[in-house]
Amino acid sequence: MGTRNEPEHPVSFAPPRGFSTVLKSDLKETFFPDDPFHQFKNEKPSRCAKKAIQYFVPIFEWLPKYNLRLLRYDLLAGITITSLAIPQGISYAKLAFLPPIIGLYSSFVPPLIYAVFGNSKHIAVGTVAACSLLLQSTLSDVVSPKDDPALYIQLIFTTTFITGIFQTALGFLRLGILVDFLSHSTITGFMGGTAIIICLQQLKGFFGMHHFTTKTDVISVMHAIFENRKEWRWQSAVVGVTFLCFLQTTRYVKKKNPKLFWVSAIAPMVTVVVGCLFAYFAHAEYHGIQIVGHLKKGINPLSINLLNFNSKYLPTLIKAGITTGLIAMAEGIAIGRSFAIMNNEQVDGNKEMIAFGFMNIVGSFTSCYLTTGPFSKTAVNFNAGCKTAMSNVVMAIGMGLTLLFLAPLFSYTPLVALSAIIMSAMLGLINYEEAYHLFKVDKFDFIICMTAFFGVAFISMDVGIILSVGLSLIRALVYMARPATCKLGKVASSSVYRDIEQYPDSTNIEGILLLQLGSPIYFANSTYIRERILRWIREEQAVSNSEGSNLENVLLDLTGVTSIDMTGIETLTEIRKTLQAYDIKMAIINPRIRVMEKMIASKFVDTIGKEYFFLSIDEAIEASRFLLRESKLQIRCNS
């Protein structure tokens with residue numbers, strides 16, 4: 001740009017890095033953004049081997065430091081969550097149309113596996129309502145749990161195995177990014193919609209009905225309830241309402257006084273015990289109140305021989321495994337991170353996926369169905385003061401003792417008591433405040449949330465979540481195709497330049513149009529970027545002409561542009577040619593390393609000249625003003 005002084009900080013035009021270097025950097029940022037291998041640098045081989053074992057098997061990291069002081073806290077937390085695991089295990093197994101004993105099995109083996117491989121100190125492993133219902137609704141399309149219960153159980157175990165393989169693969173391949181596509185809005189709507197249909201399904205147990213639908217949508221469930229109204233039993237309804245009122249009262253007590261969390265934590269167990277005593281002494285089964293029935297003693301039998309990979313069912317099993325696997329991972333990882341943040345700790349999502357995967361694989365071999373880190377149980381574990389994953393071991397021991405000695409005692413558990421426990425838990429998942437918050441903050445997020453909610457409630461669980469994720473992806477594509485661009489002005493009494501729309505008092509620079517691009521420039525948005533820049537130029541020319549001045553320089557601040565492809569470079573070349581036709585010069589400010597490498601390799605730098613690249617806005621404006629002064633001086637000389 002003429003004979004102006006050289007800038008204080010020249011732009012780097014270093015030769016582009018080699019392909020292998022760029023590829024290594026890209027792979028690292030994609031799959032290892034947390035740089036898990038930094039701890040192995042400059043370490044002896046023996047030390048590296050020890051750290052590698054501790055990294056992949058976290059129990060070897062915390063167990064050597066374990067002491068009696070920590071055990072005291074974990075023992076109390078483990079006993080507390082055991083009291084919650086027994087009624088939840090029976091209840092959620094019922095929700096999945098499984099024998100209640102399988103729900104108890106699922107709180108014995110998986111917690112032991114998680115204690116070895118899990119990364120979170122607070123997660124308490126168990127079954128969850130949403131995945132239980134999703135398994136039931138998906139697998140019921142290919143086999144009836146009533147007509148062929150043996151085959152249904154085989155498919156449940158096989159789906160759990162597929163889920164475990166899927167989760168483990170994602171963890172080892174560092175593909176936790178897939179879980180990020182389940183946005184907060186989607187999860188909020190999905191959990192709310194699931195809670196509604198689960199609550200409605202519990203009306204079967206509330207009214208003591210024998211016939212019901214296997215469909216999950218609201219219309220089918222309501223139709224089944226009123227179609228079979230002759231089966232309603234008022235005795236069952238009275239008992240159910242009584243238990244539900246008790247459970248909701250304990251939740252209210254916990255909300256008013258968080259220190260009394262244990263009141264709400266033991267309430268489901270109290271409900272089961274009181275229900276068993278009531279059913280036993282009142283002979284409830286003869287008065288229209290159904291009970292669980294026989295529960296055999298003994299720990300988990302092996303089920304690896306029950307896995308069924310028949311090609312007739314395999315597509316449905318894969319669909320159910322992947323869908324429930326993603327939902328279980330999203331819930332478990334989000335919950336683990338939420339409680340870790342409270343203690344200023346971090347949870348490795350990829351390690352969690354591996355832990356979830358291993359416990360579901362082993363679980364499928366030992367008569368368990370899908371498990372993850374449920375919110376209710378994890379919250380109780382956290383509030384009970386757990387310090388390590390040993391609380392899961394304590395829970396597993398408690399469940400083992402229950403299976404060996406106490407299981408038959410729960411055979412008198414009224415189904416209506418389990419329905420009340422499920423309904424009470426589900427009512428807490430309908431987050432009205434969060435939905436209203438989404439409405440106030442971001443209307444599109446609210447639409448995504450409501451899409452998941454109504455899709456789950458009125459169509460099906462998988463369709464609801466697909467529609468919501470689809471909307472989220474469309475929104476992301478719109479953001480990419482229509483990136484943010486803005487005109488910058490100088491903020492009064494400062495040396496900074498900001499968006500004039502955000503800071504209306506910012507002043508324009510005479511003869512200079514300063515634009516900032518805030519996203520990668522590539523084929524999907526290059527046309528929009530070109531049209532938007534040309535529109536800015538037209539508007540600026542109109543203003544300049546009305547003020548009796550000319551637009552002579554366009555400065556593009558590329559600080560926020562992280563990458564560019566050949567279409568993007570061609571777009572910048574076309575913009576420059578258009579500006580040349582109007583005798584307007586274009587300059588580039590602070591291109592990032594990847595952008596600069598592409599510009600050098602494509603000869604774009606040579607095309608426009610290195611003198612039109614600047615490290616900062618101030619240097620670019622100074623050079624542009626120098627050109628303006630030179631231009632005005634030349635005009636005066638010619639005149």
Side-chain angles (χ1 to χ4, degrees), residues 77-78 80-96 98 102-115 118 120-136 160 163 167 179 182 187-188 190-192 194-195 198-199 247 251 254 261 264-269 324-340 347 352-353 355-356 359-360 363 368-384 386 389 391-392 394-396 398-399 418 421-431 461:
T80 306
I81 58 178
T82 302
S83 68
L84 183 63
I86 293 171
Q88 277 194 350
I90 296 173
S91 302
Y92 294 157
K94 168 180 169 286
L95 195 61
L98 291 171
I102 292 180
L104 298 181
Y105 289 159
S106 300
S107 289
F108 174 50
V109 174
L112 294 174
I113 304 299
Y114 184 83
S120 171
K121 297 178 180 179
H122 309 112
I123 279 183
V125 172
T127 55
V128 288
C131 291
S132 299
L133 183 62
L134 186 55
L135 282 172
Q136 177 265 312
T160 303
T163 296
Q167 292 174 329
V179 179
L182 295 176
I187 294 295
T188 300
F190 174 78
M191 297 307 290
T194 301
I198 289 176
C199 284
L247 290 165
R251 292 173 67 89
K254 184 192 77 170
F261 70 91
S264 177
I266 66 171
M269 191 64 187
T324 54
L326 282 174
I327 294 170
M329 282 192 303
E331 181 178 356
I333 293 172
I335 289 167
R337 285 175 175 169
S338 298
F339 286 104
V347 169
E352 290 296 275
M353 285 190 284
F356 291 156
M359 70 187 192
N360 281 314
C368 304
Y369 79 107
L370 190 144
T371 51
T372 184
F375 177 79
S376 57
K377 197 183 290 185
T378 301
V380 169
N381 197 32
F382 179 84
N383 290 326
C386 71
S391 60
N392 278 290
V394 174
M395 177 178 67
M399 291 301 299
L418 302 180
I421 291 170
I422 293 174
M423 288 186 75
S424 178
M426 291 303 101
L427 290 174
L429 294 180
I430 305 174
N431 199 339
M461 297 176 74

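Just so you know, residue 1 is the first one in the sequence shown, and it goes up from there. The figures that follow rest on heavy atoms only: side chains count, while hydrogens, waters and symmetry mates do not. Since the model is a prediction, treat every value here as computed from it, not as a measurement.
Residues forming a side chain to side chain contact (heavy atoms under 4.5 Å, CB included) with A328 (at least two apart in sequence, or on another chain): C131, Q167, L370, T372. Contacts of T378 classified as side chain to side chain donor-acceptor pair (under 3.5 Å), with partners at least two apart in sequence or in another chain: none. For the side chain to side chain donor-acceptor pair (under 3.5 Å) test, residues two or more places apart in sequence or in another chain that qualify with S391 are N381. Qualifying side chain to side chain donor-acceptor pair (under 3.5 Å) partners for K377, counting only residues two or more places apart in sequence or in other chains: none. Applying the side chain to side chain contact (heavy atoms under 4.5 Å, CB included) criterion to A195, with sequence neighbours excluded, gives M426, L429, I430. Shown here are the side chain to side chain contact (heavy atoms under 4.5 Å, CB included) partners of A355, two or more places apart in sequence or in another chain: Y114, F117. Partners of S424 under the side chain to side chain contact (heavy atoms under 4.5 Å, CB included) rule, at least two apart in sequence or in another chain, are L244, L247, Q248, R251. Y105 meets the side chain to side chain donor-acceptor pair (under 3.5 Å) test with no other residue; sequence neighbours excluded.
In this structure, T371 contributes its side chain and S106 its backbone to no donor-acceptor pair below 3.5 Å.
Contact between I421 and P268 at its shortest, heavy atoms only, is CD1-O, 3.7 Å. Closest of all the heavy-atom pairs between A96 and Y369 is CB-CE1, 4.3 Å. When all heavy atoms of I333 and E352 are compared, the pair lying nearest together is CG1-CB, 3.9 Å. Contact detail for P87 and L418: the closest heavy-atom pair is O-CD2, 4.2 Å.
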Can you give each donor-acceptor pair under 3.5 Å made by side-chain atoms of residues 120-129, sequence neighbours left out, with the distance rounded to 0.1 Å?
unit_1	atom_1	unit_2	atom_2	d
S120	OG	H122	N	3.1
S120	OG	I123	N	3.3
K121	NZ	E345	OE2	3.2
H122	NE2	N343	ND2	3.3

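A distance of 11.5 Å separates SG of C368 from CG of L98, quoted to the nearest 0.5 Å. In this structure, CD1 in I81 is found 11.5 Å from CD1 in I86, a value given to the nearest 0.5 Å. Distance check, rounded to the nearest 0.5 Å: CD of Q88 to OG of S107 gives 8.0 Å. Here I187 contributes atom CD1 and N431 contributes atom CG; the two are 12.5 Å apart, rounded to the nearest 0.5 Å.
Inter-residue side-chain proximity for T82 and M399 is flagged as met; some heavy-atom pair is nearer than 4.5 Å. Contact check for N392 versus L112: no side-chain heavy atoms found under the 4.5 Å cut-off. Between C199 and L427 the shortest side-chain heavy-atom distance falls below 4.5 Å.
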